[in-house]
Amino acid sequence: MNERKVGLRLGFYLLLAPLALWLTLLVLLPQIDMLMLSLRVKVGLRQYVTGPENYMEFFTEPLYWNTFLRTALMSVAATVATLIVAFPVAYYIAKVARGRSKGLLFVLCLIPFWVSELVRTFGWMILLRESGVVSNLLQWSGLSAGPVEMLYNDAAIMVGLVYASLLFMVVPLATTLDSLDDSLIEAGYDLGGNGYTVLRRVVVPHAMPGIVSGCIVVFMLTLGNYLTPTLLGGKHSLWFTEQIYNQFITRFNWEQGAAFGFLLLLLSSVMVWAGLKVSRQSLAGTLG
Amino acid sequence: MTETQPANHPDNSLDLESIDVVKRFGAFTAVDGVTFSAPRGSFFSILGPSGCGKTTLLRMIAGFQSPDSGDIRIKGRSVLGVSPNRRNVNMIFQHLALFPMMSVSENVAYGLQCRGVPKAGIGPKVAAALARVDLPDAGPKRIDQLSGGQKQRIAIARCLVLEPDLLLLDEPLGALDLKLREHMKVELKQLQQKIGTTFVYITHDQSEALVMSDQVAVMNNGRFEQIGTPQELYYQPLTAFVAGFVGDANRWHGRVETANGTGARVVTADGITLIGGFVGDALPAGAEVDVFVRPESVSLAREESGLESLDNRLSGRVENLLFNGANSTVLVRDDRTRGEIMVRLPQTAEFGNLAHDETVHLGWNAAQAKCFPAQAGGAS
């Protein structure tokens, strides 16, 4: 009896070991190392002291927190835009499409994501650049006299971000909307509601967990995106991840880069928490 | 709530009229020329097997589907092309469709808010509606805190607060357990009498329809077979389908051997001869007929001598005794054809000790054996 208990316990630890190793070696240790790094301040050649100066740098240098603010606001805007674009798509997939077309539409949403993000972003560049498809189309149709540059501005970044995030919004939305009983929508109309009332009072409250989880995922992905803002926004993109990259790679200031990384993690967590509070959702309820 | 606008329409006593309504889905005709009317304040049921088109008919009345031809009039006015939220008709859905994201009182208030009733007027109306279904304190509760019967009543309150011309009920008792269903049948009937709103109730459960309704329409394959009071449907069925679907019945298929104006001698495929009466037009000799005999019309005796005055006589062995209190039945296997006959067990001590395999004699009069023209496939 006792031996069996010991055996069971050993089995449990053996099963747990890969996960524990993974978490400790690949997630926890590097994070701790980064944290230590971010708290190290260079005072001379190979001379370091521990202190919060790297973090203070973020708040004292306007460029840094302005960049962060811009990134955060653009990310919120991109999240809202993604929600607005994805909701009708998800509603159509979950409530209007029937049978095979339902699966087909889902796959259509999925297909672009079989290609790497880099390739997809290059696709947008081919469309939007001065010698690109849209520019040529405008010239050919006579709407524009000369070539039009549509890359390297905020709108281009926005388009790219929304496009890159769409799937992550459509999936949770379609899943929650799918679980909405059709008769609830019908009851909403039957009792005298118009389309807007039914949407506001029945559909959206039911889809709220999906909306919130979709928004969290999209917001975090957008905030931490490096490729899309850099390629589509060019040198004007001023994205916070770009600052981190610059610190690590261009300026070789790993300490500053690590501090920025932690600030990004911290500030985005605070924003998600605030978002959950405002929408009166819990993280557990959203994920469950 | 029964007194409404002055009689600017000739037929103001009818809350609902359906005139030759047809609905097709592709090649399939779901509702095929249905005409009926429900007088004000009546409890009208549409009874039929699943797939007979009754749900489609109800959804057309509610406005979720529109008929291909024909007209639907509510309080004398055609509602074709009027969307569901503009019809003064409310529906109790099969699974009630209470909004789980709202409290009970928010559910009841929803319709009033949609109508733009001022805020001050909503509270008292909601309280009155909840009181009317005997749940005055349920207002702040969440929907998942209610029992099945309470949900039912909230669903009714949510519709009644809007004072609809017509309340449509789509098998709302189907999801309840048997005991509660029996209870809700009585409660629904009493509620309908109390408030006087016209109810249109669809169900596949004949006992629900018979117990609650003033008028029942039996529907099959998209058509109304018969409209009448529950008593008429039970005692004077006009078609073989109604005879088989409403109440229990023993059924034989056979051919008319000789016929006079009102009755016939029918020979079944198994070779037994039955004497029965025609319903409606008499049929010529050679016609295929179905003969229906109610279990309670069959007299049961241990000795053949007691049944000599009856037109039809059979003998058989007791196959099974289905004891169910006052509704007990005996299944008798006919000696000659091996067919099973259902007989209502008389409530006398005489048959209390009926044993398996015991020989019994059965008999019934010609008037109690109803002959209908045979239907092609048909349920029994």
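What you see is a predicted model; the values in this text were computed from it and never measured. Convention: sequence-line order gives letters A, B, ...; per-chain numbering from 1.
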*In terms of heavy-atom contacts, does NZ of B/Lys125 have more than 12 from other residues, nucleotides or ligands at under 6.0 Å?*
no
_chain A contact via B/Met91 - which portion, at a heavy-atom distance below 4.5 Å_ = both
*How long is the span from the CG atom in B/Leu112 to the CG atom in A/Leu191, to the nearest 0.5 Å?*
9.5 Å
*asked:* So that I can tick it off, tell me whether A/Arg201 and B/Glu106 are bridged by a salt bridge, with the cut-off set at under 4.0 angstrom between side-chain N and carboxylate O.
replied: no
*Interchain contact, A/Asp182 with chain B, by part (heavy-atom threshold 4.5 Å)*: neither
*Give the member of B/His95, B/Gln113, B/Arg86 that has the highest number of heavy-atom pairs under 4.5 Å with chain A.*
B/Gln113
_Top contributor to chain A interface from B/Asn90, B/Ile92, B/Val161 [non-hydrogen pairs under 4.5 Å]_ = B/Asn90
*With respect to chain A, which residue among B/Arg115, B/Met102, B/Gln94 yields the maximal number of heavy-atom pairs within a distance under 4.5 Å?*
B/Met102
*If we only count heavy atoms from C-beta on, is the B/Phe93 to A/Leu184 side-chain gap below 4.5 Å?*
no
*A/Asn194 versus B/Asn85: any side-chain heavy-atom pair under 4.5 Å?*
yes
*Give the member of A/Val198, A/Thr197, A/Val202 that has the highest number of heavy-atom pairs under 4.5 Å with chain B.*
A/Val202
*From B/Phe64 CZ over to A/Ile185 CD1, what is the distance, rounded to the nearest 0.5 angstrom?*
10.5 Å
*asked:* For A/Tyr92, is the OH atom crowded, meaning more than 12 foreign heavy atoms sit under 6.0 Å from it?
replied: no
_Under a 3.5 Å distance rule, please check whether B/Tyr110 uses its side chain to pair with a backbone N or O of A/Gly188 as donor and acceptor._
yes
*When rounded to the nearest 0.5 angstrom, what is the spacing between SG in B/Cys114 and OH in A/Tyr189?*
11.0 Å
*Using a cut-off of 6.0 Å, state whether more than 12 heavy atoms not belonging to A/Arg280 lie near its atom CZ.*
no
